[in-house]
There are 2 protein chains.
Amino acid sequence: MATIQDVAKKAGLSRTTVSRVINEHPYVTEEKKRLVTQAMQELNYVPNSSARRLRRQQTETIAVYVPRITNPFFSHLVEVMEKEAAKKGYQLILCQTRYKKEQERNFLELLKTKQVDGLILTSIENDWSEFEPYLSFGPIVVCNEYSDSAQVPSVYLNQIEGSYLGTKHLIDQGYTKIGYCTGNHKSSRVSKDRKIGFLQALDDAGIMMKEEWFFYNAYSVQDGFAAFKKLSELDDKPQAVFTGSDEVAAGIAKAAFDAGWRVPDDLAIIGFDNQPLAALMDLTTVEQPIDTIAKQAMNLMVEAIQAKKPLSRKEVILPFQLIQRSST
Amino acid sequence: MATIQDVAKKAGLSRTTVSRVINEHPYVTEEKKRLVTQAMQELNYVPNSSARRLRRQQTETIAVYVPRITNPFFSHLVEVMEKEAAKKGYQLILCQTRYKKEQERNFLELLKTKQVDGLILTSIENDWSEFEPYLSFGPIVVCNEYSDSAQVPSVYLNQIEGSYLGTKHLIDQGYTKIGYCTGNHKSSRVSKDRKIGFLQALDDAGIMMKEEWFFYNAYSVQDGFAAFKKLSELDDKPQAVFTGSDEVAAGIAKAAFDAGWRVPDDLAIIGFDNQPLAALMDLTTVEQPIDTIAKQAMNLMVEAIQAKKPLSRKEVILPFQLIQRSST
DNA sequence: TCTGATTATGAAAACGATTTCATGAATTCG
DNA sequence: CGAATTCATGAAATCGTTTTCATAATCAGA
């Protein structure tokens, strides 16, 4: 493996000059530049990134936290982020927290040990105070999730509005008995706000809610099946159900269909995210502009890294859109 | 940011001894060990990974190539790989090649510049000769795809068998006019073999194939819609269709349903992968043991890195399973 | 008690780049 | 023409570890 020293020797110049050529610094004559370039080619030389990282004190790498990459919402987020990062010369390290507090904390060492320049969080399990001390090691940007106490840039959607929009749609369609089926992480601001928006919409319309129409811890298609089962066994059943994701909505729709129910006549269903799945199952859903939040979060991160000082609190808030299909 | 030097000073010892404690080398008295540990804690010290990488000449990082992380087959693969890697103390860098030759080549620099210890390829766009020269910089393991000329370990499934299994099932159900709808990368061994298995099954049953029943470049749900459109406009329509993925199958099923066709009476459909989507749409499908191939590929990679010499050609082949549902 | 191993420690040399500093040559300016 | 810039280059310091080598102290065996 050739080093910069070998190149220098071959070109009959110093390491310094070779380094200047590599990094496109001024004050090198065309003549020497040519010599160096040629020597590099002949030796098949490429600078060793570990050495460069050490000297430069930066890694050109960013860690992205997601709960699970198989969740289509998060894989979409990551897809866009990786593209954007590659465009700017950064790489992505994938950190799956698996909805576990401890797993999430483990990955924080990446920042502290200088394996990455910064952290993008798309979901938050721990209290913000766990992250706070790590800010001195590099920038942290929050995307999708948000926390009031976090003194960092956040790119997110106002989930109160999102769920209000969806719930209002159900109400406008004439439903008055509406169920609520979502995941429900205590520490997740997204969860909390979705519920607030939901209740607000009911309240504004003067509609009552029943405790037994709340179904929690629903994340997957399977969970949707289970939710439908519980729902269908109630004496007083809801006419419509608001869900936290298209997967759950799809699960409910499928289970309902299998049980011989008609959607939306026997049960109206609204999803969240507008995944390809939603189109497939003809689900009405609330669309989130994933591409935009992913891009903006990545841009803020790169900006923070290059500015070399932590960005202060900053919120970037984007709108939702209702996609109406035949499930409502 | 505290360095090992600071710790040494605080503990009244040398860098060497501190390093020994960190790396759990023998020949350090309990007494000094305690001193060092305490100093490290007080200074909130963590070893700088760039320096360690440089000295150790290894990165504890592995690059994984996928076409797109939003493709559920690949996100599943990556999910399992990341888990397995984390277990062994390695991180994953995500490389999306976007089915582009050039993009794929670009990422090869990661290995050459020593940003990663090894490469796992889950899809291959370029000819193997493009990868060959990089073998001197670190191990490469192939997972899912395979290439006859590649002198590296490959964990893959015999796609001839897989598509034979699926096609045979259609034939056993009594269909004789069978369409074929898949992606079709010239350089992909998977594509080629699937087609071979398909044709073989037809041939073994003495069934004829029509050129107009082949539909190529189908990867997504959308592509499934398009394929159905073309199919439905034929004078002589197939009774069943073999697809290369559950997404495509789901797209066809949905389009067929919307057009008022009954599945499987008017058109039988078989998918591939057994994604959650397949259960949802009640699609018969050929299941691939994704968890197993992902784990085995990662284990081979870690083994190769730790053995410090490139592993030779080695094939690990695993079986398929037919999941029958109501679409056939 | 002497010899040879074993245990415990530190000084200094890597690892491979970039950056600072020094210096001489060439150019511009008054 | 001499002084002040600007241009071009290289020697050496630096980034923060780990590893090699040297050395002293302790221990075991004859």
Side-chain angles (χ1 to χ4, degrees), chain A residues 1-37 39-40 43-61 109-117 137-138 308, chain B residues 1-37 39-40 43-61 109-117 137-138 308:
Chain A
M1 195 63 236
T3 74
I4 198 172
Q5 184 67 279
D6 302 332
V7 176
K9 192 178 292 175
K10 181 141 212 157
L13 293 164
S14 71
R15 295 206 297 278
T16 315
T17 305
V18 176
S19 174
R20 283 206 183 92
V21 174
I22 296 171
N23 297 288
E24 297 179 314
H25 285 171
Y27 304 149
V28 183
T29 54
E30 283 307 317
E31 164 69 3
K32 316 265 156 145
K33 210 175 278 182
R34 210 181 40 70
L35 280 172
V36 170
T37 315
M40 290 202 294
L43 292 170
N44 197 17
Y45 167 83
V46 170
N48 177 303
S49 83
S50 301
R52 178 177 261 188
R53 282 174 179 224
L54 174 58
R55 182 62 237 224
R56 282 256 191 90
Q57 299 284 65
Q58 47 169 299
T59 66
E60 258 123 43
T61 307
E109 293 302 301
L110 287 179
L111 190 59
K112 197 170 174 186
T113 61
K114 249 307 162 204
Q115 309 215 44
V116 299
D117 291 337
F137 302 114
K308 278 189 176 147
Chain B
M1 196 63 236
T3 74
I4 198 173
Q5 183 66 280
D6 302 332
V7 176
K9 191 178 291 174
K10 181 143 212 156
L13 294 163
S14 72
R15 294 205 296 278
T16 315
T17 306
V18 177
S19 173
R20 284 207 182 89
V21 173
I22 295 171
N23 298 288
E24 296 179 316
H25 286 172
Y27 305 148
V28 183
T29 54
E30 283 307 319
E31 164 69 2
K32 316 264 155 147
K33 211 177 274 182
R34 210 182 40 69
L35 279 172
V36 170
T37 316
M40 289 202 296
L43 292 170
N44 196 19
Y45 168 82
V46 169
N48 176 305
S49 83
S50 301
R52 177 176 264 188
R53 282 174 180 225
L54 174 59
R55 183 61 238 225
R56 286 255 192 91
Q57 298 285 67
Q58 48 169 298
T59 66
E60 258 123 42
T61 307
E109 292 303 301
L110 288 178
L111 190 58
K112 196 169 177 187
T113 60
K114 249 307 163 205
Q115 309 217 43
V116 300
D117 291 337
F137 303 114
K308 280 193 176 145

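Per chain, numbering begins at 1; letters A, B, ... match sequence-line order. For clarity, every value in this text was computed on a predicted model and none was experimentally measured. Hydrogens, waters and symmetry mates play no part in the numbers below; they use all other heavy atoms, side chains included.
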(message) Taking the side chain as everything from C-beta on, heavy atoms only, tell me whether B/I22 gets closer than 4.5 Å to B/R52.
(response)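 When only atoms from C-beta onward are counted, B/R52 and B/I22 do touch, with a gap below 4.5 Å.
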
(message) Is the shortest side-chain heavy-atom distance between A/R53 and A/T61 below 4.5 Å?
(response)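 Yes, at least one pair of side-chain atoms sits under 4.5 Å.
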
Given atom [atom1] of [X] and atom [atom2] of [N], what is their separation to the nearest angstrom?
X	N	atom1	atom2	value
A/Q5	D/dG10	CD	C1'	12 Å
B/Y27	C/dT6	OH	P	8 Å
A/Q57	D/dC15	CD	P	8 Å
A/H25	C/dT18	NE2	P	8 Å
A/R15	D/dT14	CZ	P	14 Å
B/E31	D/dA25	CD	P	18 Å
B/I4	C/dG10	CD1	C1'	13 Å
A/Q115	D/dC15	CD	P	20 Å

(request) Could you pick out which residue, A/V46 or B/R20, lies toward the 5' side of DNA chain C when each is mapped onto its nearest nucleotide? (result)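 This one resolves to B/R20.
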
(message) One pair to check against side chain to side chain donor-acceptor pair (under 3.5 Å): B/T16 and B/S19. What are the steps and the verdict?
(response) CA-CA 5 Å; B/T16 315; B/S19 173; over 6 Å; no

Donor-acceptor pair under 3.5 Å: do we get one between [X]'s side chain and the base of [N]?
X	N	answer
A/T3	C/dA17	no
A/S49	C/dA17	no
A/R55	D/dT14	yes

Are [X] and [N] close enough that a side-chain N or O sits under 4.0 Å from OP1 or OP2?
X	N	answer
B/K32	C/dT9	yes
B/T29	C/dT9	yes
B/T17	C/dT9	no

(message) Consider side chain to side chain contact (heavy atoms under 4.5 Å, CB included). Of A/K112, A/K114, A/Q115, which one does B/N48 pass it with?
(response)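 The option that passes is A/K114.
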
Per [X] side chain, nearest of listed nucleotides [options]:
X	options	result
A/S14	C/dA11, C/dC15, D/dG10	D/dG10
B/I22	D/dT18, C/dT20, C/dA17	D/dT18
B/N23	C/dG16, D/dT19, D/dT18	D/dT18

(message) For the CE atom of B/M1 and the OH atom of B/Y45, what is their distance to the nearest 0.5 Å?
(response)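 Between atom CE of B/M1 and atom OH of B/Y45 there are 8.0 Å.
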
(request) Have a look at B/S19 and say if it touches a base, only the backbone sugar-phosphate, or nothing, with a 4.0 Å heavy-atom cut-off. (result)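 Base: the residue B/S19, judged by heavy atoms under 4.0 Å, touches a nucleobase.
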
